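We name chains A, B, ... by the order of the sequence lines, and we start the count at 1 in each one. Since we're looking at a predicted model, the values are computed, not measured.
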Amino acid sequence: MKSLLLIFFMSVQVFAKGGGETTIRYYNDGETQVLSPHLKATTSVYSDSIELGAGYSMDVLSSSSSDVKSWASSSKISDTRKEYDLTSTLEFRNGSVGASYIQSDETDYSSKTVGIGTSRDFFEKNTTVAIGASFGSDVILHAKDPKFEGLMKNANLNISLTQVLSRVSLMQFQFDHRVETGFLSSPYRVARLKQPDGSILPMPENSPNVRSRNAFTFRYNYFWNALNVSLANSVRLYYDNWGVRSYTVEPKVTRELSKSLSLSADLRWYQQYEANFYKDTYDRADFGVFTSGNKSLSTFRSMLIGASPIFKFGGSWELVGRYEYYKINFANYTNVGIPQDPTDDKMYELTAQVFGVGLSKEF
Amino acid sequence: MKWLFALLLLLPNIVLGAGSGELSIEGDSVIVYSGPSHKFRPLFVANKGERFPVAFEKVGAIDEAGDFYKVLINLKFGNKKRIGYIFGLDPVRMVATSGAQEDLDAYEGIALSRTSLVINFHTLQNKTYQLTAGYLFYPTPNLFLKAFGGQVLTVTRGSLVAGAEVGVEHYLSSRLSAAMSLGGGAVFSPNSDVLFVGSSKVDNTIQVHGGLRYNTGPKAALHFGVSEVSYFNRNSGVLVIGGYVGLEVGL
């Protein structure tokens with residue numbers, strides 16, 4: 001008993017700092033519903049020099065989207081994705097080195113990713129340079145074809161420079177490079193080939209087996225003292241070797257209403273231009289090597305409006321609410337309805353709402 | 001007599017006989033070097049108000065005019081204490097200490113070169129190898145810049161590679177440090193399809209290297225670690241991971 005007590009007190013001393021958080025999120029666009037609970041815990045050891053973390057997330061999905069209704073053999077699908085992550089961070093005098101492992105599994109998809117990263121402060125902590133890299137290996141299966149197996153490798157490389165400009169403002173430049181190789185199509189999605197009689201013939205997708213993606217992000221944060229308001233703004237430019245280009249603008253405003261309550265509102269505007277081999281429907285005349293029915297490669301724009309009340313209580317507890325309204329309009333992706341009936345075709349658009357709540361505590 | 005000694009300790013930049021006290025940082029930021037010269041690698045920036053145990057006798061600078069304070073520093077991880085150097089004309093002040101005197105001669109020095117020539121050999125997936133020579137420079141503590149050039153070798157052909165890297169370093173001990181860098185550049189091949197299917201005569205590369213550096217002294221270090229390398233152009237590319245070993249020679 002004495003030794004058990006000793007171990008208990010020793011562990012209290014060793015695990016000096018830590019925290020925990022839990023969130024739950026519900027997405028609904030009328031066709032697809034996703035419930036996403038998430039848990040995360042962190043602790044620090046070795047005089048707070050090493051921080052360890054573990055997380056668990058789930059996505060419980062049920063969908064009867066237009067893709068599913070038009071091309072799948074069933075009118076509704078459901079699946080559960082489970083994700084585990086482990087993180088460790090080694091703290092130094094003016095920086096840190098970290099490593100992470102993430103594993104995600106669902107019925108027809110599994111993914112493993114390892115990552116390393118480091119950051120360092122310079123010039124009295126006014127400048128921070130961070131570098132990160134990760135490597136992932138994904139296995140893509142087919143729910144109804146046990147012989148099908150696609151492999152996809154991916155790597156993310158990134159660097160950022162954060163500069164404090166004054167007591168109330170800072171800016172950040174970030175560059176992200178991602179490479180994906182292997183099976184980059186979907187075993188379910190189809191490209192649509194227009195027949196001479198006007199009907200549509202579904203064809204398996206065939207995407208290039210390498211995609212290199214680059215993104216440049218600029219962030220600027222400013223605290224407006226007189227109004228007790230903080231502004232966090234970002235602009236992101238993206239392009240890849242498939243010809244996809246996109247622009248994202250994301251302003252966010254947070255106002256502290258009292259010591260325990262603050263409210264934030266944010267907007268995300270996104271414009272994308274299609275991949276060079278993407279077509280809504282392919283004609284026999286222009287049916288090339290690569291074909292895709294992936295609407296995320298088409299031209300579209302989306303807008304997200306969100307709001308989050310943040311309530312602090314009991315010293316180190318935090319309760320966060322979240323609401324998002326999301327709208328997406330496709331310029332060249334058709335909701336085909338019944339594939340053989342061209343009269344019910346219309347340009348695809350989607351409206352979704354997200355509700356979330358999270359609770360966290362620091363020890 | 002005691003009051004005279006105390007008065008002397010209050011004066012800045014004063015040289016006393018053998019013994020120890022503390023060096024107080026008076027300026028906003030003062031660089032602590034790994035050796036007694038600006039040609040040695042800067043270790044970190046000490047902030048105003050920080051204090052370090054110091055040897056009263058200053059050390060003459062190597063290959064330059066002036067002298068340096070020899071101070072005891074803490075590399076944080078594992079609370080390992082090592083010897084660092086602060087330039088004699090920097091805004092610092094000697095102060096008296098009441099505790100036990102530290103024997104600075106009992107601690108190891110670090111003494112790393114600020115500029116180096118680096119040779120790296122990377123063995124990557126798909127029987128791809130990269131051999132580069134580079135010039136490494138530390139503009140400020142723990143941040144390095146590197147220009148490199150060399151060859152990318154596949155089973156049948158070779159391509160030239162040239163580029164630049166930026167990286168950060170953390171000292172784990174006097175001999176061992178962890179470093180990570182991200183670089184980009186261009187690869188020049190004699191023909192198409194040399195480096196990967198769809199490669200052209202000029203392709204791009206982005207690479208991340210992360211690993212450990214073992215410092216054998218001011219003039220040499222060995223490093224090893226993992227690399228993640230992407231060679232690509234507008235139409236295609238390849239992703240390869242692997243390991244690297246390197247030799248660094250201080251200039």
Side-chain angles (χ1 to χ4, degrees), chain A residues 46-47 49-50 90-99 114-137 152-161 175-182 208-214 239-243 276-277, chain B residues 28-29 42-48 73-79 125-126 139-144 165-172 177-184 196-199 203-211 225-241:
Chain A
Y46 202 53
S47 307
S49 286
I50 300 173
L90 197 59
E91 299 287 345
F92 293 96
R93 183 186 169 91
N94 284 310
S96 63
V97 173
V114 290
I116 53 171
T118 185
S119 73
R120 186 88 205 180
D121 299 326
F122 301 96
F123 312 121
E124 296 176 43
K125 302 199 175 208
N126 286 325
T127 307
T128 303
V129 175
I131 297 171
S134 69
F135 178 78
S137 177
M152 194 265 276
K153 289 195 300 177
N154 62 79
N156 285 285
L157 316 175
N158 59 70
I159 186 165
S160 69
L161 172 74
F175 169 67
D176 293 276
H177 175 69
R178 179 179 166 89
V179 185
E180 296 165 353
T181 65
N209 61 3
V210 178
R211 189 175 187 189
S212 68
R213 316 168 73 162
N214 302 287
Y239 71 94
D240 64 33
N241 69 329
W242 289 7
N276 45 31
F277 60 88
Chain B
D28 283 338
S29 53
L43 290 175
F44 61 89
V45 177
N47 298 317
K48 192 173 185 176
I73 57 169
N74 191 339
L75 287 175
K76 176 71 180 168
F77 183 73
N79 292 324
Q125 289 175 310
N126 304 342
T140 192
N142 306 96
L143 179 80
F144 59 87
E165 271 175 41
V166 57
V168 295
E169 184 178 25
H170 304 278
Y171 295 105
L172 302 175
S177 55
M180 193 165 178
S181 64
L182 185 142
F196 51 87
V197 177
S199 73
D203 298 305
N204 308 308
T205 179
I206 292 178
Q207 345 195 315
V208 164
H209 313 294
V226 293
S227 296
E228 196 167 63
V229 179
S230 147
Y231 303 109
F232 63 98
N233 57 29
R234 284 181 63 85
N235 303 313
S236 191
V238 67
L239 165 69
V240 279
I241 58 171

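- There is a side-chain donor-acceptor pair under 3.5 Å between A:Ser96 and A:Ser119.
- With no hydrogens or angles considered, no side-chain donor-acceptor pair links B:Ser177 and B:His170 at under 3.5 Å.
- Neither side chain, A:Asn241 nor B:Arg234, offers a donor N or O lying under 3.5 Å from an acceptor on the other.
- For chain B, the nearby parts of A:Phe135 are the backbone and the side chain; heavy atoms of each come within less than 4.5 Å.
- Side-chain contact between B:Ile73 and B:Phe44 is present, with at least one heavy-atom pair separated by less than 4.5 Å.
- No donor-acceptor pair under 3.5 Å is formed between the side chain of B:Ser181 and the backbone N or O of B:Gly210.
- In this structure, chain A has a heavy atom under 4.5 Å from the backbone of B:Asn233, while its side chain stays farther away.
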> After noting the C-alpha distance and the side-chain angles of A:Glu180 and A:Arg213, does the key distance pass the salt bridge (charged side-chain N to carboxylate O under 4.0 Å, His left out) rule?
Replying inline: CA-CA 8 Å; A:Glu180 296 165 353; A:Arg213 316 168 73 162; 2.8 Å; yes
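- Put simply, of A:Ile116, A:Asn94, A:Asp240, the one with the most heavy-atom pairs under 4.5 Å next to chain B is A:Ile116.
- Contact of A:Asn276 with chain B is not made at all, since no heavy-atom distance falls under 4.5 Å.
- The part of B:Ile241 that comes within reach of chain A is its side chain, from C-beta onward, which places non-hydrogen atoms under 4.5 angstrom from that chain.
- Highest contact tally toward chain A, considering only B:Thr140, B:Val208, B:Ile206, is held by B:Ile206 [criterion: heavy-atom pairs under 4.5 Å].
- Interface check for chain B: of the options A:Asn154, A:Val97, A:Ile131, the most heavy-atom pairs under 4.5 Å are formed by A:Ile131.
- Interface remark: of the candidates A:Thr181, A:Val129, A:Ile159, A:Val210, A:Val210 forms the most heavy-atom pairs closer than 4.5 Å to chain B.
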> Where do A:Glu91 and A:Ile50 land on the side-chain contact (heavy atoms from CB on, under 4.5 Å) test, with the steps shown first?
Replying inline: CA-CA 6 Å; A:Glu91 299 287 345; A:Ile50 300 173; over 6 Å; no
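- Counting only heavy atoms from C-beta outward, the side chains of B:Leu182 and B:Gln207 never approach each other to under 4.5 Å.
- Neither the backbone nor the side chain of A:Asp121 has a heavy atom closer than 4.5 Å to any heavy atom of chain B.
- For A:Asn158, the part lying under 4.5 angstrom from a heavy atom of chain B is the backbone only.
- Only the side chain of A:Phe175 comes within contact range of chain B, judged by heavy atoms closer than 4.5 Å.
- For B:Asn235, the part lying under 4.5 angstrom from a heavy atom of chain A is the backbone only.
- For chain A, the nearby parts of B:Val166 are the backbone and the side chain; heavy atoms of each come within less than 4.5 Å.
- Proximity to chain B involves both the backbone and the side chain of A:Thr118, based on heavy atoms less than 4.5 angstrom apart.
- Here the side chains of B:Asp203 and B:Phe232 are not in contact, with every heavy-atom distance at 4.5 Å or above.
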